[in-house]
Amino acid sequence: MTASTLGYGDRVARSWLRKLVSVLPIVVALPVFATLSSNITIQTLRTTIGGLQDLVERRVRVLHGSTSEEYMRGVKAVAFSFDRIEEAYKWLVEGRLEAVVYDRPNLRNYARNEGKGKVVVVGRTFAPQDYCLAIPQGSPLREDLSSVLLNMMENGSLERIRSKWFGAEP
């Protein structure tokens, strides 16, 4: 306003031409500054948490009794726990938390579905873990299951299923 009125309102344009010239900087500058401001905000939000080191002194939650809780305690990061991960997701979306640390496949599934456009999974996997299926020794299913899983790994269908449900790896 100061730039467009040539002062603090003590000098104002009187003719319609000078008024038009005074309004033009406002009309042009407002969208430019709005766009610039939102881009800076988005960039700041995207880059404030990129890894474990960025979680120090942040409002972080984990699922009580999970390996994530154990890991965060092991690296001496301050993280409080929830009994239900859905509650942590809710708090994150509401802005009452800055991060949720949990199993990456579950976080990616949430971010791709219910949290789409609201949350993003960032950083690397802190403590990779293998998942497995347990079947009794001597089960007739063991050979068939192993054969099917090996075939799925070789033909790429296991990766396609993972990508469908959890998205592409960053």
Side-chain angles (χ1 to χ4, degrees), residues 1-5 8-9 23-135 145 148-149 152-153 156-170:
M1 190 59 76
T2 299
S4 66
T5 61
Y8 295 99
V23 170
L24 281 176
I26 296 171
V27 172
V28 171
L30 187 61
V32 170
F33 284 116
T35 303
L36 182 63
S37 173
S38 70
N39 286 343
I40 290 170
T41 302
I42 289 169
Q43 186 61 31
T44 301
L45 290 173
R46 285 186 178 152
T47 59
T48 53
I49 298 177
L52 183 61
Q53 71 282 358
D54 300 324
L55 297 177
V56 176
E57 297 182 19
R58 300 288 183 113
R59 294 182 317 256
V60 180
R61 295 294 189 265
V62 296
L63 182 65
H64 179 69
S66 67
T67 54
S68 301
E69 181 181 38
E70 184 179 319
Y71 181 79
M72 294 300 283
R73 196 177 308 121
V75 296
K76 299 193 178 12
V78 178
F80 300 96
S81 62
F82 278 106
D83 290 327
R84 297 181 58 243
I85 196 63
E86 294 79 13
E87 193 174 350
Y89 291 151
K90 180 181 174 212
W91 278 40
L92 182 65
V93 170
E94 291 172 352
R96 294 160 59 181
L97 292 180
E98 294 178 87
V100 172
V101 176
Y102 192 46
D103 293 348
R104 188 176 194 88
N106 293 322
L107 292 173
R108 290 180 66 205
N109 185 48
Y110 177 78
R112 186 173 176 159
N113 295 296
E114 303 96 82
K116 188 172 188 168
K118 301 174 194 169
V119 300
V120 63
V121 178
V122 297
R124 62 174 182 76
T125 300
F126 298 151
Q129 300 168 341
D130 293 323
Y131 290 85
C132 67
L133 299 171
I135 56 175
L145 182 61
V148 168
L149 286 173
M152 290 176 74
M153 288 169 62
S157 60
L158 192 60
E159 178 58 27
R160 285 191 299 278
I161 291 169
R162 188 204 56 76
S163 184
K164 175 184 176 184
W165 290 102
F166 305 116
E169 276 293 333

CZ on R73 to CD on E69, rounded to 0.5 Å: 4.5 Å
Please work out which of the three classes, parallel, tilted or perpendicular, describes the rings of Y102 and Y89, given edges at 30° and 60°. perpendicular
Please check if the number of heavy atoms outside D83 that lie under 6.0 Å from its CG is greater than 12. no
Side chains of V93 and Y110 in contact at under 4.5 Å (non-hydrogen atoms): yes
Atom CZ of F82 and atom CG of L92: how far apart are they, to the nearest 0.5 Å? 9.5 Å
Nearest-0.5 Å distance, CZ of residue R160 to CE of residue M152: 8.5 Å
Working to the nearest 0.5 angstrom, can you tell me the gap between E159 CD and M153 CE? 10.5 Å
Once rounded to the nearest 0.5 Å, what's the spacing between atom OG of S157 and atom CG of L149? 9.5 Å
Working to the nearest 0.5 angstrom, can you tell me the gap between S68 OG and L107 CG? 7.5 Å
Answer yes or no: are there more than 12 heavy-atom neighbours, outside E86 itself, under 6.0 Å from its atom CD? yes
Considering all heavy atoms of both residues, which atom of R104 and which atom of V122 are nearest to each other, and what is their separation? NH1-O, 4.2 Å
Looking at R108 and R162, what are the two nearest heavy atoms and their distance? NH1-NH1, 3.3 Å
Minimum-distance pair of heavy atoms, taken over all atoms of A111 and V121: CB-CG2, 3.9 Å
Any donor and acceptor pair, going by atom type alone, linking the side chain of R112 with main-chain N or O of K164 inside 3.5 Å? yes
Heavy-atom pair with the smallest gap, counting every atom of R61 and A88: CB-CB, 4.4 Å
Applying side chain to side chain contact (heavy atoms under 4.5 Å, CB included) to V100 and I85, what does each step give before you reach the verdict? CA-CA 9 Å; V100 172; I85 196 63; 3.9 Å; yes
